Amino acid sequence: MRALVYHGPGQKDWEEVPDPTILKPTDAIVKVETTTICGTDLHILKGDVPAVTEGRILGHEGVGTITEIGSAVTDLAVGDRVIISCISACGKCIYCKTGVYSHCQAEEGAPGIGWIFGHLIDGTQAEYVRVPFAETSLYRVPDGVPDELAVLISDILPTGHEIGVQYGAVKPGDVVAVVGAGPVGLAAITTAGLYGPSRVIAIDLDANRVEMARSFGASDGVVASDPDWKEQVLAMTDGLGVDVSIEAVGVPTTWDMALSLVRPAGHVANVGVHGKPVEFPLDKAWIDNLTITTGLVNTDSSPMLIKLLAQGRLDVGGFVSHRYKLAEILDAYDTFGRAAETKALKVVMTA
Ligand code: NAD
Ligand code: ZN
């Protein structure tokens with residue numbers, strides 16, 4: 001088969017590799033029919049994720065059809081259309097039993113981390129992929145849900161929802177600010193709407209993305225390069241700041257921005273993956289009774305999000321900006337890597 005193989009920082013190729021095979025009774029093989037590229041794949045290609053070694057097939061998002069199952073797989077069958085979750089969960093360890101799949105302790109890749117596709121084992125940017133713990137890591141695609149919407153369940157929708165909205169504890173009437181309106185920030189914006197906020201404010205350097213955020217359910221937008229961006233946000237509250245401030249970028253500036261917007265007793269939910277430490281002004285935060293959260297997505301809310309997707313209850317129509325064939329994946333990477341110019345959001349590739 002062909003796959004997108006990582007060959008060290010800055011190097012990748014779409015090349016011939018051996019077909020994956022069933023290695024454990026709990027595995028399934030999935031023919032990848034739709035996959036996409038995540039900001040995290042770009043981090044890997046920059047060399048920011050040293051755990052990814054040369055020869056690794058990238059990708060942790062995908063939708064496809066099961067072509068083979070291991071002997072222990074009983075409730076999935078060859079021919080089932082499935083969503084591949086970015087988190088692999090054994091379903092049996094102490095973390096899986098409490099829904100914290102991000103810290104699945106199974107000995108697959110490295111124990112203790114649920115994100116293994118395109119990281120510690122071969123991923124989904126390939127014609128076929130081996131899926132460990134198939135029964136607890138694959139979700140059937142409901143009838144009527146197109147692949148290019150189902151693939152949003154692999155990573156970005158649960159990430160924005162769980163680490164942004166649920167950890168941020170958005171509740172009816174809240175004013176929510178989301179710093180960064182990339183795919184993950186937009187996923188937080190669209191799922192925040194499920195909890196009845198009075199306002200959802202999208203903040204981004206890119207005026208185009210701020211504008212686009214409205215079609216995902218943002219009530220307001222602020223361009224981060226405006227000198228008075230902060231005053232604009234505070235003017236949309238009662239002057240005290242937002243109830244929930246979500247960081248969806250992953251750089252020190254946006255962390256500072258998210259902290260600076262929250263009102264006393266509010267929540268700051270960090271979703272961004274930070275490549276270096278940030279300033280954490282605990283000396284000032286304590287007296288504001290802030291709740292500060294962060295984490296790796298668990299995907300425990302995926303079944304609920306799939307139900308809403310099937311009922312058309314999520315504003316997700318605008319996520320896919322570009323479509324390619326799987327064999328054109330190098331062009332897809334190029335488009336995604338120049339998102340500011342190309343206005344790329346999710347770049348989808350199909351078999
Ligand atoms: P992205 O790069 O596509 O989007 C980031 C957005 O932030 C862009 O629109 C950019 O214009 C904006 N931005 C950059 N600097 C800014 C600034 N100073 N002020 C305002 N906006 C600014 O990324 P994405 O795919 O949406 O992912 C967002 C973050 O979430 C990344 O760090 C990614 O690694 C992380 N992530 C976390 C998890 C998790 O489990 N916690 C899972 C997936 C992704
Ligand atoms: Zn991802």
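For this chain, numbers begin at 1 and follow the sequence in order. Fair warning: this is a prediction, and the values are worked out from it, not measured in the lab. Ligands are counted one by one from 1 in listed order, and the atoms in each one are counted from 1 as well.
Ligand 1 is approached by Pro183 to a heavy-atom distance shorter than 4.0 Å. Not a single heavy atom of Ala339 sits less than 4.0 Å from an atom of ligand 1. Not close to ligand 1: Ser102, with no non-hydrogen atom less than 4.0 angstrom away. At least one heavy atom of Val249 sits less than 4.0 Å from an atom of ligand 1.
Counting non-hydrogen atoms of other residues, nucleotides and ligands closer than 6.0 Å to CG of Asp143 gives a total of 12 or fewer. Shown here is Gln311, whose CD atom has no more than 12 heavy atoms of other residues, nucleotides or ligands within 6.0 Å. With a 6.0 Å radius and a threshold of 12 heavy atoms from other residues, nucleotides or ligands, Lys230 has its NZ atom at or below the threshold.
Residue contacts with ligand 1, taken as heavy atom pairs separated by less than 4.0 Å, do not involve Leu186 at all.
When the options Gly185, Gly39, Ala248 are ranked by their closest heavy atom to atom 5 (C) of ligand 1, first place goes to Ala248. Nearest residue to atom 26 (O) of ligand 1 from Val297, Asp155, Val184, Val49 is Val184 (criterion: closest heavy atom). For atom 11 (O) of ligand 1, the choice among Asp204, Val223, Thr299, Leu205 with the nearest heavy atom turns out to be Asp204.
Atom-to-atom distance recorded for Ile163:CD1 and Thr293:OG1 is 8.0 Å, nearest 0.5 angstrom. Annotation: the span from Ile116 atom CD1 to Ile121 atom CD1 amounts to 4.0 Å, rounded to 0.5 Å.
The minimum heavy-atom distance linking Ala106 with Cys90 is given by the pair CB-CB, 3.7 Å.
In the vicinity of Gly180, heavy-atom distances shorter than 4.0 Å reach the ligand 1 atoms 7 (O). Close approach of ligand 1 to Ala224 (heavy-atom distance below 4.0 Å) involves ligand atoms 19 (N), 20 (C). Near Thr254, meaning under 4.0 Å from any of its heavy atoms, are these atoms of ligand 1: 16 (C), 17 (C), 18 (N), 19 (N). For ligand 1, the atoms sitting less than 4.0 Å from at least one non-hydrogen atom of Leu296 are 40 (O), numbered in the order shown with element in parentheses. The atoms of ligand 1 that sit less than 4.0 Å from any heavy atom of Arg209 are 3 (O), 4 (O), 8 (C), 9 (O). Shown in contact with Thr40 at under 4.0 Å from a heavy atom are these atoms of ligand 1, numbered in order with element: 34 (O). Residue Met257 approaches ligand 1 through these ligand atoms, each under 4.0 Å from one of its heavy atoms: 19 (N).
The salt bridge (Lys or Arg N to Asp or Glu O under 4.0 Å) analysis of residues 165-180, with sequence neighbours excluded, yields the pairs Lys171-Asp174. Every pair passing salt bridge (Lys or Arg N to Asp or Glu O under 4.0 Å) that includes a residue from residues 252-281 is listed here, sequence neighbours excluded: Asp238-Arg263, Asp243-Arg263.
Of the N and O atoms on the side chains of Thr35 and Gln125, not one donor lies less than 3.5 Å from an acceptor on the other residue. Using a 3.5 Å distance cut-off with no hydrogens or angles, the side chains of Ser301 and His161 do pair a donor with an acceptor.
Not a single N or O atom of Cys38, backbone or side chain, sits closer than 3.5 Å to an N or O atom of ligand 1. Below 3.5 Å of separation, one finds an N or O of Gly295 facing an N or O of ligand 1.
At a threshold of 4.0 Å, the pair Arg130-Asp122 does not count as salt-bridged, since none of the basic side-chain nitrogens sits closer than that to a carboxylate oxygen.
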